[in-house]
Amino acid sequence: MRSLLLFFIFLWNGAQVQAQSYELGKVTIGELQEKIHPVDSTAPAAILFKKGKTVFTYDEKNGFSATHTYEFKIKIYKKEGLKWADQKVQYYVGYQNLNEDLLSFSNTVTYNLENGKIQKTKLENQGTFKRKINEYWNEKGITFPNVKEGSVIEYKYVLKSENIVQFPDFDFQFSIPLNYFGYKTEFPEFYIYKALLLGTHTIENDSKIVMGSQNFTSEHGQSRSMSYKQIDAFYSGKNIPALKEEPYVNNIENYRGSIKHELERVRMPEQPVKDYTLTWEGVASTIFKDDRFGKEINKNSFLLEDVKKILANVSSQKERMNIIFQFVQNKMNWNEKYGYYTDKGVEKAYKDQTGNIAEINFILLNMLKWAGIEANPILVSTIENGIPVYPTRTGFNYIIVAAEIDEKQVLLDASRKFTSPDILPLNTLNWKGRLIKSDGTSKEIDLVPSKPSKENASITIKLNESGKISGKVRIQRTDYEAYKFRIQNGNGNQDNYIEKLEEDLGGLKISDYLITNKVSNISDPIVETFSFETDNFVEIIDDKFYVSPMLFYTPAKNPFVQENRQMGIYFGYPKQEKLFVNIEIPEGYVIERLPASTRLSLEDKTINLTLNFLSDTNKIQISFLKEINSSIFAAEHYNGLKTLFQKMIASQNEKIVLKKA
């Protein structure tokens, strides 16, 4: 995984970047006349440049705050690129101890070439909008006027924030090419930031120590100034290719070229050094000191009576854990808010029977402790939040619980209705979590299961002399395969599900449908059984039957079709798929040809594919096994994986040929 996400702490190599003129308001006729991007002719648009700057300001009341300034110049080549005329920026307003961020747009201009002359159209007030996303985030946006194929648009926005712990990421890779970017930071020596590069692109960087100063007004209205040493850094890059969607990707943001900064240490004059994220121990200690975390974990006396009630005469720790887990899961309802801090607190959440992720799982944690079970919180970053490779507080956005049962660790999340012990929501299977304890110690926890989840299917069919198939199917799903089925279909209407199943399986007519453990006994496998009839999967040519051996399990095409791959291949969790097909051929027919059996594997056996054919008079037996023993594969394995799947798909699409005896 570390090889997939090439984070680098920047080495200050002293590389000097030649000064170039990338200024707003300097659009040329040549830029407006350009019909296609010179490097990527398929690009619907391109970012001609992006510039950014982060500086600090100071006032005596609030101390230091940050101002982030960004400038963009974008060329529209094709109709598909017109969507870049709509720009939206989100900003945070949900602080408890800080004033909300302030965002403003300016220099918003559309340029077109009219009769050989450059025409400028400025954005009017009706082209701007603002909306509230939720209690934490607002959004401002602009819609450029008079944008068409060939236009160039420019804009600038300034974000002022008192949050100096973590800055907005400076992205320099987008879904369209970027010709040039430059990003400058000016940090007072009091604040030490960790600078990280995400992606695989080589960029230039330079830094130096200079003198900085701030002018401000004292609380008595007097003009004051302060001087200090300052770290100035500059990052730049050219010809960054578009980041394009690819199948089987966990989070495309893990691969986007980006510069991140997170506060590591504060060393103000004549004050103790404050450690934020230098070590994992510092992360754990800082999080536990927050009342919304440490105090809430120990605020549990109100749960004692319920724990005694539900655990009467239960001595087994495993059974105690299961009872408590199911109790919390059934009682509590998730309000769809993430976080590892509580909002209203565990006691009120318990009374309301609703809460955020932290509140629900802290209730679970506290009840387990009352039951005499060792339990600790695990910080998690969900897939959409990215992967915290280095010590970080702000890189996490979720919390689960680890229970020690019979010297084994069981991972728990009671916030969802279809999870079970060691079965977590799919978006939490994101490489590693961090178990933290109140004494400041922590350790890395593997979130990806080692045991494969299984889908086993057996099909018994009878083929009649007219080519019609009738048969019976039994499908069993375990662990994450069962969980995925439940979250997709658990609350749906069964008649609607069967109708869709008939369509998805190639136009079957299904009868005698039965399912067990769909929404109950959720630690057990789901089992589906049904009978079916179909006129498909058999082609009759010159009195010969050409039969698709895997029927509706026959893959139509290889999901891996790109020539090259930028991103890793993500399967979510290890899985095993088995298929057994028994075919009874019609009387008066014999087997003319069976496809050859096939066995394929990657060198390290992380993927194994096997397809076998056996025949005995009027019976044909087919078995297929697909084993994916890793959840993610590096991009350098793409070509081997692509070839492997292509060969197996070709074998799976070969026909069984029957002829008249």
Side-chain angles (χ1 to χ4, degrees), residues 94 96 136 166 277 280-300 303 321 324-325 327-329 331-350 352 354-370 373-388 391-404 409-417 419-448:
Q96 289 191 337
Y136 300 104
Q166 186 184 32
T277 61
W280 284 117
E281 287 69 26
V283 171
S285 177
T286 302
I287 289 174
F288 262 98
K289 286 176 183 175
D290 194 296
D291 287 347
R292 296 168 296 162
F293 194 99
K295 186 180 288 186
E296 295 293 330
I297 285 180
N298 297 311
K299 190 176 182 181
N300 54 22
L303 297 167
M321 177 195 71
I324 289 172
F325 180 85
F327 175 82
V328 176
Q329 186 180 50
K331 179 182 178 67
M332 298 302 298
N333 296 286
W334 179 42
N335 62 12
E336 300 190 0
K337 293 181 180 178
Y338 287 171
Y340 55 81
Y341 288 138
T342 61
D343 284 337
K344 56 186 174 183
V346 292
E347 189 166 6
K348 189 171 190 319
Y350 191 73
D352 295 344
T354 182
N356 68 7
I357 292 295
E359 286 155 352
I360 292 173
N361 284 326
F362 284 174
I363 290 167
L364 173 65
L365 179 69
N366 286 326
M367 295 186 85
L368 290 171
K369 286 182 175 181
W370 275 123
I373 297 171
E374 183 181 347
N376 290 288
I378 297 178
L379 296 169
V380 172
S381 175
T382 59
I383 284 173
E384 59 272 15
N385 194 56
I387 294 177
T392 173
R393 294 177 304 112
T394 55
F396 297 106
N397 68 328
Y398 204 96
I399 196 92
I400 62 172
V401 176
E404 299 292 331
Q409 193 172 77
V410 181
L411 304 184
L412 304 167
D413 182 353
S415 67
R416 318 296 172 86
K417 297 307 180 186
T419 56
S420 56
D422 272 335
I423 300 296
L424 303 171
L426 294 171
N427 68 336
T428 66
L429 304 183
N430 194 25
W431 194 34
K432 306 285 186 181
R434 176 64 52 169
L435 184 149
I436 61 175
K437 296 185 177 182
S438 57
D439 61 4
T441 60
S442 70
K443 67 176 180 178
E444 200 171 61
I445 302 296
D446 197 344
L447 297 172
V448 179

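Values in this document were obtained by computation on a predicted structure and should not be read as measured data.
Atom CD of Q409 and atom CG of L411 lie 5.5 Å apart (nearest 0.5 Å). Atom-to-atom distance recorded for K437:NZ and E374:CD is 5.5 Å, nearest 0.5 angstrom. Atom NZ of K337 sits about 12.0 Å away from atom OG1 of T342, to the nearest 0.5 Å. Atoms CG and CD, on N298 and E296 in that order, are 9.5 Å from each other to the nearest 0.5 Å. Rounding to the nearest 0.5 Å gives a distance of 10.0 Å between CD1 of I436 and OG1 of T286. Note that the CZ atom of R292 and the CD1 atom of I287 stand 10.5 Å from one another [nearest 0.5 Å].
In this structure, the side chains of M332 and T354 stay at 4.5 Å or more apart for every pair of heavy atoms. Residues Y398 and N385 have side chains not in contact (no heavy-atom distance under 4.5 Å, counting atoms from C-beta outward). P377 is listed as a side-chain neighbour of L365, based on a closest heavy-atom distance under 4.5 Å. Within the 4.5 Å cutoff, no side-chain heavy atoms of N300 are placed close to those of M367. Considering only heavy atoms from C-beta on, V380 stays 4.5 Å or farther from L424 through its side chain. By the 4.5 Å heavy-atom criterion applied to side chains, I378 and I399 are not counted as neighbours.
Under the side chain to side chain contact (heavy atoms under 4.5 Å, CB included) rule, S381 has a single partner from T428, I387, N397, which is N397.
Within a 6.0 Å sphere centred on NZ of K295, heavy atoms belonging to other residues, nucleotides or ligands number 12 at most.
A side-chain donor-acceptor contact under 3.5 Å links E359 to the backbone of G345. Of the possible donor and acceptor atoms, none in the side chain of E404 sits under 3.5 Å from a partner among the backbone N and O of I373. Formation of a donor-acceptor pair under 3.5 Å by the W370 side chain with backbone atoms of L303 is not found in this model. Listed for the K289 side chain is no donor-acceptor partner under 3.5 Å among the backbone atoms of G294. The main-chain N or O of A284 is never found under 3.5 Å from a side-chain atom of S442 such that the two would form a donor-acceptor pair.
Note on ring orientation: taking the six-membered ring where Trp is involved, the planes of Y350 and F327 are tilted (angle from 30° to 60°).
Of all non-hydrogen atoms in N430 and G386, the two that sit nearest each other are ND2-O, 2.9 Å. For Y340 against F293, the heavy-atom pair with the smallest separation is O-CD1, 3.1 Å. Residue L412 comes nearest to A403 through the heavy atom pair CD1-CB, 3.9 Å, listed as atom of the first residue, atom of the second, then distance. Closest non-hydrogen pair, V401 versus A375, comes out as CG1-CB, 4.1 Å. Between A414 and L364, the closest heavy-atom pair is CB-CD2, 4.1 Å. Residues N335 and N356 share a closest heavy-atom pair of OD1-CA, 3.3 Å.
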Run the side chain to side chain contact (heavy atoms under 4.5 Å, CB included) test on Y338 and N427 for me, step by step, so that the C-alpha distance in whole Å, both residues' side-chain angles and the decisive distance to 0.1 Å come before the verdict. CA-CA 12 Å; Y338 287 171; N427 68 336; 2.8 Å; yes
Tell me, with the steps shown, if W431 and L447 meet side chain to side chain contact (heavy atoms under 4.5 Å, CB included). CA-CA 6 Å; W431 194 34; L447 297 172; over 6 Å; no
